[in-house]
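Below is one structure, written out as C-alpha coordinates, with a few remarks after it.
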Amino acid sequence: MAIHLTKESKILVQGMTGGEGMKHTRRMLAAGTDVVGGVNPRKAGRTVDFDDRVVPVFGSVREGREATGADVSVVFVPPAFAKAAVLEAAEAGIGLVVVITEGIPVHDTVAFTAYAQRTGTRVIGPNCPGLITPGQSNAGIIPADITKPGPIGLVSKSGTLTYQLMYELRDIGFSTCVGIGGDPVTGTSHIDCLTAFEADPDTELIVMIGEIGGDAEERAAAHIRDHVTKPVVGYIAGFTAPEGRTMGHAGAIVSGSTGTAQAKKAALEAAGVAVGSTPTETARLVQAALGARA
(Lines give C-alpha, C1' and ligand atoms only; values in the text may rest on other atoms or scores of the structure.)
Protein backbone atom coordinates (compact mmCIF):
# COMPACT_ATOMS: atom_id res chain seq x y z
CA MET A 1 0.00 0.00 0.00
CA ALA A 2 1.05 3.65 0.31
CA ILE A 3 0.09 6.99 1.81
CA HIS A 4 -1.47 9.90 -0.09
CA LEU A 5 -0.43 8.71 -3.58
CA THR A 6 -1.17 5.43 -5.40
CA LYS A 7 -1.33 4.02 -8.92
CA GLU A 8 -4.99 5.11 -8.96
CA SER A 9 -4.08 8.79 -8.51
CA LYS A 10 -4.96 10.99 -11.50
CA ILE A 11 -2.72 14.04 -11.74
CA LEU A 12 -3.15 17.51 -13.21
CA VAL A 13 -0.05 19.67 -13.64
CA GLN A 14 -0.60 23.38 -13.10
CA GLY A 15 2.12 25.04 -15.15
CA MET A 16 2.70 21.97 -17.33
CA THR A 17 3.50 24.00 -20.44
CA GLY A 18 6.35 25.92 -18.79
CA GLY A 19 9.96 24.75 -18.90
CA GLU A 20 10.04 23.03 -15.51
CA GLY A 21 6.52 21.72 -15.89
CA MET A 22 7.31 20.11 -19.24
CA LYS A 23 10.54 18.55 -18.01
CA HIS A 24 9.09 17.03 -14.88
CA THR A 25 5.80 15.98 -16.46
CA ARG A 26 7.87 13.91 -18.88
CA ARG A 27 9.75 12.35 -15.93
CA MET A 28 6.53 11.66 -14.04
CA LEU A 29 5.01 9.94 -17.06
CA ALA A 30 8.16 7.85 -17.52
CA ALA A 31 7.71 6.66 -13.92
CA GLY A 32 4.21 5.40 -14.72
CA THR A 33 2.33 8.32 -13.21
CA ASP A 34 -1.16 8.88 -14.61
CA VAL A 35 -0.86 12.52 -15.69
CA VAL A 36 -4.29 13.27 -17.14
CA GLY A 37 -3.89 16.95 -18.02
CA GLY A 38 -2.19 20.28 -17.69
CA VAL A 39 -3.70 23.63 -16.75
CA ASN A 40 -2.97 26.90 -18.58
CA PRO A 41 -5.83 29.32 -19.38
CA ARG A 42 -3.87 30.77 -22.32
CA LYS A 43 -3.35 27.36 -23.94
CA ALA A 44 -6.66 25.67 -23.20
CA GLY A 45 -7.75 23.20 -25.84
CA ARG A 46 -4.26 22.31 -26.98
CA THR A 47 -2.44 19.06 -26.36
CA VAL A 48 1.19 18.29 -25.54
CA ASP A 49 2.90 15.23 -26.98
CA PHE A 50 5.15 13.49 -24.44
CA ASP A 51 6.60 10.71 -26.57
CA ASP A 52 3.98 7.96 -26.17
CA ARG A 53 1.41 10.03 -24.25
CA VAL A 54 -0.62 12.99 -25.50
CA VAL A 55 -1.77 15.16 -22.59
CA PRO A 56 -4.58 17.73 -22.95
CA VAL A 57 -4.35 21.28 -21.60
CA PHE A 58 -7.36 22.68 -19.75
CA GLY A 59 -8.31 26.26 -19.05
CA SER A 60 -8.94 25.68 -15.35
CA VAL A 61 -8.46 23.07 -12.66
CA ARG A 62 -12.21 22.58 -12.37
CA GLU A 63 -12.50 21.92 -16.09
CA GLY A 64 -9.65 19.43 -15.89
CA ARG A 65 -11.06 17.64 -12.86
CA GLU A 66 -14.53 17.37 -14.41
CA ALA A 67 -13.12 16.02 -17.69
CA THR A 68 -10.65 13.53 -16.22
CA GLY A 69 -11.58 12.76 -12.63
CA ALA A 70 -8.23 14.17 -11.43
CA ASP A 71 -7.70 14.07 -7.68
CA VAL A 72 -4.11 15.39 -7.44
CA SER A 73 -2.52 18.60 -8.70
CA VAL A 74 1.20 19.32 -8.95
CA VAL A 75 2.03 23.04 -9.00
CA PHE A 76 4.90 24.31 -11.17
CA VAL A 77 4.06 28.01 -11.32
CA PRO A 78 6.14 31.10 -10.37
CA PRO A 79 5.93 32.23 -6.72
CA ALA A 80 3.69 35.21 -7.51
CA PHE A 81 1.00 32.91 -8.92
CA ALA A 82 1.30 30.00 -6.49
CA LYS A 83 -1.33 31.20 -4.02
CA ALA A 84 -3.94 31.57 -6.77
CA ALA A 85 -3.03 28.15 -8.17
CA VAL A 86 -3.50 26.38 -4.85
CA LEU A 87 -6.73 28.21 -4.09
CA GLU A 88 -8.05 27.27 -7.52
CA ALA A 89 -7.21 23.60 -6.99
CA ALA A 90 -8.81 23.54 -3.54
CA GLU A 91 -11.93 25.31 -4.82
CA ALA A 92 -12.19 22.73 -7.59
CA GLY A 93 -12.23 19.87 -5.10
CA ILE A 94 -8.74 18.45 -5.68
CA GLY A 95 -7.84 16.31 -2.67
CA LEU A 96 -4.05 16.59 -2.83
CA VAL A 97 -2.04 19.59 -4.05
CA VAL A 98 1.75 19.24 -4.31
CA VAL A 99 3.46 22.64 -4.39
CA ILE A 100 6.96 22.39 -5.84
CA THR A 101 7.46 26.16 -6.15
CA GLU A 102 10.03 27.78 -3.88
CA GLY A 103 10.25 31.42 -2.83
CA ILE A 104 6.53 31.81 -2.05
CA PRO A 105 5.90 34.61 0.47
CA VAL A 106 5.00 33.19 3.87
CA HIS A 107 1.77 35.18 4.11
CA ASP A 108 0.64 33.57 0.82
CA THR A 109 1.43 30.11 2.18
CA VAL A 110 -0.47 30.84 5.39
CA ALA A 111 -3.48 31.91 3.34
CA PHE A 112 -3.62 28.95 0.98
CA THR A 113 -2.82 26.28 3.58
CA ALA A 114 -5.58 27.65 5.84
CA TYR A 115 -8.06 27.66 2.98
CA ALA A 116 -7.06 24.15 1.90
CA GLN A 117 -7.54 22.88 5.43
CA ARG A 118 -11.07 24.29 5.46
CA THR A 119 -11.93 22.62 2.15
CA GLY A 120 -10.38 19.26 3.02
CA THR A 121 -7.48 19.53 0.56
CA ARG A 122 -4.08 18.24 1.64
CA VAL A 123 -1.15 20.44 0.62
CA ILE A 124 2.37 19.01 0.34
CA GLY A 125 4.99 21.76 0.41
CA PRO A 126 5.65 24.41 -0.69
CA ASN A 127 9.35 24.39 -1.62
CA CYS A 128 9.38 20.61 -1.71
CA PRO A 129 10.32 17.75 -4.05
CA GLY A 130 6.87 16.19 -3.82
CA LEU A 131 6.17 12.57 -3.05
CA ILE A 132 6.65 9.18 -4.66
CA THR A 133 5.17 5.76 -4.15
CA PRO A 134 7.75 3.64 -5.97
CA GLY A 135 6.32 1.45 -8.69
CA GLN A 136 2.98 3.27 -8.54
CA SER A 137 3.11 7.05 -8.94
CA ASN A 138 5.43 10.05 -8.69
CA ALA A 139 4.09 13.56 -8.06
CA GLY A 140 6.90 16.10 -8.22
CA ILE A 141 10.62 16.03 -8.94
CA ILE A 142 11.90 13.03 -6.95
CA PRO A 143 13.99 10.71 -9.16
CA ALA A 144 11.99 7.54 -9.74
CA ASP A 145 14.89 5.25 -10.62
CA ILE A 146 16.92 5.36 -7.39
CA THR A 147 14.81 2.98 -5.33
CA LYS A 148 12.07 0.34 -5.46
CA PRO A 149 8.90 -0.60 -3.57
CA GLY A 150 9.53 -1.76 -0.03
CA PRO A 151 8.58 -1.52 3.65
CA ILE A 152 10.13 1.85 4.62
CA GLY A 153 8.11 5.04 4.91
CA LEU A 154 10.11 8.27 4.58
CA VAL A 155 9.18 11.83 5.55
CA SER A 156 11.72 14.59 5.12
CA LYS A 157 12.14 18.35 5.15
CA SER A 158 15.11 18.11 2.80
CA GLY A 159 14.84 17.11 -0.85
CA THR A 160 18.51 16.24 -1.19
CA LEU A 161 18.49 14.03 1.90
CA THR A 162 15.32 12.37 0.66
CA TYR A 163 17.19 11.30 -2.45
CA GLN A 164 20.25 10.20 -0.50
CA LEU A 165 18.35 7.97 1.91
CA MET A 166 16.29 6.53 -0.93
CA TYR A 167 19.51 5.62 -2.72
CA GLU A 168 21.31 4.27 0.33
CA LEU A 169 18.35 2.03 1.16
CA ARG A 170 17.52 1.11 -2.43
CA ASP A 171 18.06 -2.59 -1.78
CA ILE A 172 15.22 -2.54 0.76
CA GLY A 173 12.80 -0.07 -0.84
CA PHE A 174 10.03 2.27 0.25
CA SER A 175 6.26 2.37 0.62
CA THR A 176 6.04 6.14 0.10
CA CYS A 177 8.60 8.96 0.33
CA VAL A 178 7.21 12.40 1.20
CA GLY A 179 9.22 15.62 0.95
CA ILE A 180 7.24 18.06 3.08
CA GLY A 181 9.46 21.10 2.38
CA GLY A 182 11.55 23.27 4.64
CA ASP A 183 9.69 26.58 4.68
CA PRO A 184 8.50 27.99 8.03
CA VAL A 185 4.90 27.12 7.06
CA THR A 186 4.04 23.90 5.23
CA GLY A 187 0.77 22.20 4.44
CA THR A 188 1.76 18.77 5.75
CA SER A 189 3.85 18.08 8.84
CA HIS A 190 6.05 15.27 10.08
CA ILE A 191 3.20 14.33 12.43
CA ASP A 192 0.70 14.07 9.56
CA CYS A 193 2.97 11.62 7.76
CA LEU A 194 3.86 9.68 10.90
CA THR A 195 0.15 9.18 11.54
CA ALA A 196 -0.44 7.97 7.98
CA PHE A 197 2.54 5.61 8.01
CA GLU A 198 1.47 4.20 11.37
CA ALA A 199 -1.89 3.30 9.78
CA ASP A 200 -0.37 1.86 6.58
CA PRO A 201 -0.10 -1.95 6.93
CA ASP A 202 2.75 -2.20 4.39
CA THR A 203 4.99 0.33 6.14
CA GLU A 204 7.13 -1.55 8.67
CA LEU A 205 9.57 1.21 9.65
CA ILE A 206 9.56 5.01 9.36
CA VAL A 207 12.49 7.27 8.55
CA MET A 208 12.07 10.89 9.64
CA ILE A 209 14.51 13.53 8.39
CA GLY A 210 14.45 16.92 10.07
CA GLU A 211 16.72 19.92 10.22
CA ILE A 212 17.70 22.72 12.54
CA GLY A 213 15.25 25.49 13.29
CA GLY A 214 11.80 25.60 14.84
CA ASP A 215 10.30 22.88 17.02
CA ALA A 216 8.62 20.58 14.49
CA GLU A 217 10.93 17.69 15.30
CA GLU A 218 10.41 18.07 19.06
CA ARG A 219 6.65 17.98 18.51
CA ALA A 220 7.07 14.94 16.27
CA ALA A 221 9.08 13.26 19.03
CA ALA A 222 6.21 13.71 21.48
CA HIS A 223 3.80 12.28 18.93
CA ILE A 224 6.04 9.27 18.33
CA ARG A 225 6.29 8.63 22.07
CA ASP A 226 2.53 8.67 22.51
CA HIS A 227 1.11 7.34 19.24
CA VAL A 228 3.61 5.47 17.03
CA THR A 229 4.22 1.77 17.59
CA LYS A 230 6.43 1.12 14.56
CA PRO A 231 10.19 1.67 14.78
CA VAL A 232 11.33 5.15 13.76
CA VAL A 233 14.85 6.11 12.66
CA GLY A 234 15.76 9.79 12.49
CA TYR A 235 18.34 12.16 11.10
CA ILE A 236 18.71 15.88 11.77
CA ALA A 237 20.55 18.05 9.25
CA GLY A 238 22.66 20.86 10.65
CA PHE A 239 24.86 19.54 13.47
CA THR A 240 27.70 21.84 12.33
CA ALA A 241 25.57 24.92 11.65
CA PRO A 242 26.74 28.13 13.39
CA GLU A 243 24.36 29.58 15.95
CA GLY A 244 22.07 32.43 14.92
CA ARG A 245 22.43 32.05 11.16
CA THR A 246 19.84 30.97 8.61
CA MET A 247 21.05 27.86 6.83
CA GLY A 248 19.45 27.05 3.50
CA HIS A 249 15.75 26.54 4.10
CA ALA A 250 13.85 29.57 5.31
CA GLY A 251 12.78 27.73 8.45
CA ALA A 252 16.26 26.65 9.48
CA ILE A 253 17.28 29.32 11.97
CA VAL A 254 18.60 28.61 15.44
CA SER A 255 18.40 30.89 18.45
CA GLY A 256 20.23 29.84 21.60
CA SER A 257 19.53 26.19 22.35
CA THR A 258 16.12 26.22 20.67
CA GLY A 259 15.98 24.37 17.40
CA THR A 260 19.52 23.00 17.49
CA ALA A 261 20.31 19.63 15.98
CA GLN A 262 21.49 18.37 19.38
CA ALA A 263 18.23 19.39 21.09
CA LYS A 264 16.18 17.69 18.40
CA LYS A 265 18.31 14.55 18.55
CA ALA A 266 17.88 14.40 22.32
CA ALA A 267 14.10 14.79 22.06
CA LEU A 268 13.84 12.04 19.47
CA GLU A 269 16.09 9.66 21.37
CA ALA A 270 14.04 10.24 24.52
CA ALA A 271 11.02 9.07 22.50
CA GLY A 272 12.80 5.86 21.50
CA VAL A 273 13.97 6.98 18.05
CA ALA A 274 17.40 5.86 16.86
CA VAL A 275 19.10 8.97 15.40
CA GLY A 276 22.01 8.78 12.99
CA SER A 277 24.86 11.30 12.99
CA THR A 278 25.20 11.07 9.18
CA PRO A 279 22.87 9.91 6.40
CA THR A 280 24.99 6.78 5.93
CA GLU A 281 24.83 5.92 9.63
CA THR A 282 21.08 6.54 9.50
CA ALA A 283 20.78 4.01 6.67
CA ARG A 284 22.75 1.48 8.73
CA LEU A 285 20.39 2.01 11.68
CA VAL A 286 17.44 1.28 9.38
CA GLN A 287 19.06 -1.90 8.11
CA ALA A 288 19.77 -3.03 11.67
CA ALA A 289 16.25 -2.28 12.85
CA LEU A 290 14.65 -4.19 9.99
CA GLY A 291 17.09 -7.06 10.51
CA ALA A 292 16.14 -7.25 14.16
CA ARG A 293 12.43 -7.38 13.25
CA ALA A 294 13.06 -10.16 10.73
Side-chain angles (χ1 to χ4, degrees), residues 1-11 13 24-36 50-53 70-72 74 95-96 98 100 122 124-125 128-181 188 190 192-209 228-235 273-274 276 279-280 282-294:
M1 293 184 66
I3 69 168
H4 305 322
L5 188 73
T6 72
K7 62 183 178 181
E8 307 300 328
S9 300
K10 297 181 182 298
I11 294 178
V13 180
H24 291 295
T25 297
R26 189 178 302 277
R27 294 175 68 252
M28 286 189 282
L29 286 166
T33 306
D34 190 10
V35 178
V36 296
F50 292 98
D51 302 323
D52 59 347
R53 180 79 173 258
D71 52 3
V72 178
V74 182
L96 176 67
V98 183
I100 307 301
R122 175 171 298 283
I124 305 288
C128 79
L131 69 163
I132 181 171
T133 296
Q136 296 192 49
S137 189
N138 184 11
I141 64 174
I142 297 175
D145 57 354
I146 58 175
T147 193
K148 66 179 182 180
I152 305 169
L154 171 64
V155 54
S156 173
K157 279 186 176 180
S158 165
T160 302
L161 292 173
T162 297
Y163 313 152
Q164 183 169 353
L165 265 295
M166 286 172 63
Y167 181 76
E168 296 218 20
L169 293 166
R170 64 194 181 279
D171 291 339
I172 300 174
F174 293 81
S175 54
T176 302
C177 304
V178 186
I180 59 175
T188 294
H190 285 118
D192 294 329
C193 292
L194 289 164
T195 300
F197 282 131
E198 172 72 10
D200 175 30
D202 288 341
T203 298
E204 298 178 15
L205 179 145
I206 305 165
V207 176
M208 190 190 99
I209 301 175
V228 177
T229 62
K230 296 177 181 180
V232 182
V233 175
Y235 175 69
V273 177
T280 299
T282 304
R284 286 198 294 265
L285 290 171
V286 171
Q287 292 163 344
L290 287 173
R293 285 171 68 85

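The chain is numbered in sequence order, starting from 1. Values in this document were obtained by computation on a predicted structure and should not be read as measured data.
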Exercise. State the CG-CD1 distance between L96 and I11, to the nearest 0.5 angstrom.
Key: 8.0 Å
Quiz item: Looking only at heavy atoms, what is the nearest atom pair of A70 and V36, with distance?
Solution: CB-CG2, 3.9 Å
Quiz item: Between the main-chain N or O of S158 and the side-chain N or O of T162, is there a donor-acceptor pair closer than 3.5 Å?
Solution: yes
Quiz item: Got D71 and S9 here, is their nearest side-chain heavy-atom distance under 4.5 Å?
Solution: yes
Quiz item: Is there a side-chain contact between Y235 and V207 (heavy atoms, below 4.5 Å)?
Solution: no
Quiz item: Looking at CG of L205 and CG of L290, how far apart are the two atoms once the value is rounded to the nearest 0.5 Å?
Solution: 5.0 Å
Let me have the donor-acceptor pairs involving side chains of residues 135-152, under 3.5 Å, with sequence neighbours excluded, atom names and distances please.
from, atom 1, to, atom 2, distance (Å)
Q136, OE1, K7, N, 3.1
N138, ND2, I142, O, 2.9
K148, NZ, D171, O, 3.1

Quiz item: Can you find a heavy atom in the side chain of I124 that is under 4.5 Å from one in the side chain of R122?
Solution: yes
Quiz item: With a 4.5 Å heavy-atom cut-off, do I132 and M166 have their side chains touching?
Solution: yes
Exercise. Start with the C-alpha distance between S156 and L165, add both sets of side-chain angles, then the distance that settles side chain to side chain contact (heavy atoms under 4.5 Å, CB included), and finish with yes or no.
Key: CA-CA 10 Å; S156 173; L165 265 295; over 6 Å; no
Self-check item: Side-chain heavy-atom pair S175, D200 within 4.5 angstrom cut-off
Solution: yes
Quiz prompt | NE2 on H4 to OG1 on T176, rounded to 0.5 Å | solution = 8.0 Å
Quiz prompt | Nearest-0.5 Å distance, CE of residue M28 to CZ of residue R53 | solution = 11.5 Å
Quiz item: Would you say the side chain of I100 lies within less than 4.5 Å of the side chain of H24, judging by non-hydrogen atoms?
Solution: no
Practice problem: Measure the spacing between CD of E198 and CD1 of I206 and express it to the nearest 0.5 Å. | Solution: 6.0 Å
Quiz item: Less than 4.5 Å apart, any side-chain heavy atom of M208 and any of V273?
Solution: no
Exercise. Give a yes or no answer on whether the side chain of T6 reaches the backbone of E8 with a donor-acceptor pair at less than 3.5 Å.
Key: yes
Exercise. Calculate, to the nearest 0.5 Å, the distance between atoms CZ and CZ belonging to R27 and F50 respectively.
Key: 13.0 Å
Practice problem: Would you mind reporting whether K157 and H190 have side-chain heavy atoms less than 4.5 Å apart? | Solution: yes
Quiz prompt | Where L131 and I3 come nearest, the two heavy atoms and their spacing | solution = CD1-O, 4.2 Å
Quiz item: Which heavy atom in T282 sits nearest to a heavy atom in G276, and how many Å separate them?
Solution: OG1-CA, 3.4 Å
Practice problem: Please report the closest heavy-atom contact between T203 and F197, naming both atoms and the distance. | Solution: OG1-CD2, 3.5 Å
Quiz prompt | For G159 against P129, the heavy-atom pair lying closest together | solution = CA-CG, 3.8 Å
